[in-house]
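Quick notes on the structure that follows.
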Amino acid sequence: RLERDELLGFCALLLLGGSEATANGFNNAIYLLHSHPALRHQLIDDPSLFDSAVEESLRLEAPVSGLSRVVTKDIEFLDQKIEKGSRVHMLYASANRDETVFSEPDSFRLGRHPNPHLTFGLGVHFCLGAALARMELSIGLQELLARFPSYELIPERWERLVSDTGRGFVRQPARLNAN
């Protein structure tokens, strides 16, 4: 049973995770497809690649690039002492480009398999909304490309989000071309 403050905190977490992170994930995905037109056409020609496109965009341009935590006890990690009360920042974006895990980690590759990205966390801290976010991104991309396959972003007018935890756009103007 959650206390009132815990319930409010949980609702805030769901609201932010379910809206801001998904919006950033969608904007990041359309940015990647704008930047890789050949892959966009490949995706349009082969809709079976949508799930792969979602996973790869989540890996390469994670909407939540990292989170901070406070250490609850003194620990040693990789020969580094970290004292209780210290703040540490887990950078998913870095882990998702680990060359020991991903071949060509800086490349956007449809069909990457396996794709063990850490965008949604891991273990007990795995994102509760991961399945919903994946579904929303897949449906959003499918609908966008079905209606506006030749959309164009306007790079000189976009504005990136400045944050140590989020990656996305504050503004991302586009021309929606139906042909």
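Numbering starts at 1 and runs along the sequence shown. Everything numeric in this text was worked out from a predicted model, so none of it was measured.
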Open item on the list: So does I82 get a backbone contact from the side chain of S86, meaning a donor-acceptor N/O pair under 3.5 Å?
Closed with: no

Task: Any R97 side-chain heavy atom under 4.5 Å of D106 side chain - done: yes

Open item on the list: Does atom CZ (F77) have a neighbourhood of more than 12 heavy atoms from anything else shown, all under 6.0 Å?
Closed with: no

Task: Minimum side-chain heavy-atom gap F50-L43 below 4.5 Å - done: yes

Open item on the list: Using 30° and 60° as the class boundaries, would you call the ring planes of Y31 and W158 parallel, tilted or perpendicular?
Closed with: perpendicular

Task: Same apolar cluster (I L V M F W Y, side chains within < 4.5 Å links), L60/V64 - done: no

Task: Residue pair A21 / P63: nearest heavy atoms and the distance that separates them - done: O-CB, 3.2 Å

TODO: Count the heavy atoms of every other residue, nucleotide or ligand shown that sit under 6.0 Å from CD of E76, and state whether that count exceeds 12.
DONE: yes

Task: Closest non-hydrogen atom pair between L161 and R167, with its separation - done: CD2-N, 4.2 Å

Open item on the list: Check for me, please, whether L91 and L118 land in the same ILVMFWY cluster - side-chain distances under 4.5 Å, paths through other members count.
Closed with: no

TODO: Can you establish whether the number of heavy atoms outside E159 located under 6.0 Å from its atom CD is more than 12?
DONE: yes

Task: E6, CD: over 12 other non-hydrogen atoms inside 6.0 angstrom - done: yes

Open item on the list: Using only atom types and a distance under 3.5 Å, with no angle test, would you say the side chain of H36 pairs donor to acceptor with the backbone of L32?
Closed with: yes

Task: Y151 vs R40 side-chain heavy atoms within contact, under 4.5 Å - done: yes

- [ ] Could you tell me the separation between the CG atom of L39 and the CD atom of E56, rounded to the nearest 0.5 Å?
- [x] 9.0 Å

Task: Which atom of G166 lies closest to which atom of S163, heavy atoms considered - done: N-OG, 3.0 Å

TODO: Classify the side-chain pair R87/S68 by whether it contains a donor and acceptor separated by less than 3.5 Å.
DONE: yes

TODO: Could you walk me through whether I44 and Q42 pass the side-chain contact (heavy atoms from CB on, under 4.5 Å) test, one step at a time?
DONE: CA-CA 5 Å; I44 291 168; Q42 183 181 356; over 6 Å; no

Task: Sub-4.5 Å side-chain heavy-atom contact between S65 and Y92 - done: no

Open item on the list: Quick one about H117 and E55 (side-chain donor to acceptor, distance below 3.5 Å, no hydrogens or angles considered), yes or no?
Closed with: yes

Task: Note, S52 side chain near H113 side chain (heavy atom, < 4.5 Å) - done: no

Task: Nearest atoms (heavy-atom pairs only) where A53 meets F108 - done: O-CE1, 4.2 Å

Open item on the list: For F26, run the side-chain contact (heavy atoms from CB on, under 4.5 Å) check against I30, N24, T22, N28 and tell me which one passes.
Closed with: I30

- [ ] Measure the spacing between CG of L137 and CG of L58 and express it to the nearest 0.5 Å.
- [x] 5.5 Å

Task: Contact check, side chains of H89 and T165, non-hydrogen atoms, under 4.5 Å - done: yes

Task: Shared hydrophobic cluster, V54 / F102 (ILVMFWY, side-chain heavy atoms < 4.5 Å) - done: no

Open item on the list: Taking the basic N atoms (NZ, or NE/NH1/NH2) and the acidic carboxylate oxygens, is any pair closer than 4.0 Å for K81 and D74?
Closed with: no

Task: T119 side chain to A62 backbone, donor-acceptor under 3.5 Å - done: no

Task: Pair R160 + E61: basic N to acidic O under 4.0 Å - done: yes

Open item on the list: Looking at Q172 and N27, would you say the former's side chain and the latter's main chain have a donor-acceptor pair under 3.5 Å?
Closed with: yes

Open item on the list: Quick check: do P116 and R59 have side-chain heavy atoms less than 4.5 Å from each other?
Closed with: no

Task: Positive for side-chain hydrogen bond (donor to acceptor under 3.5 Å, both in side chains) with S138, one of Q142, E136, R134 - done: Q142

- [ ] Decide whether R112 and S107 meet the rule of one side-chain donor and one side-chain acceptor closer than 3.5 Å.
- [x] no

- [ ] May I ask whether V124 and M90 are part of the same hydrophobic cluster, defined by side-chain heavy atoms of I, L, V, M, F, W, Y residues being less than 4.5 angstrom apart, directly or through others?
- [x] no

Task: CG/L7: more than 12 non-hydrogen atoms of other groups inside 6.0 Å - done: yes

Open item on the list: Nearest 0.5 angstrom please: L49 CG to D45 CG, how far?
Closed with: 10.0 Å

- [ ] State, yes or no, whether a side-chain contact exists between L33 and L141 at a heavy-atom distance under 4.5 Å.
- [x] yes

Task: Verify same cluster id: L176, L153 (apolar side-chain graph, 4.5 Å) - done: yes

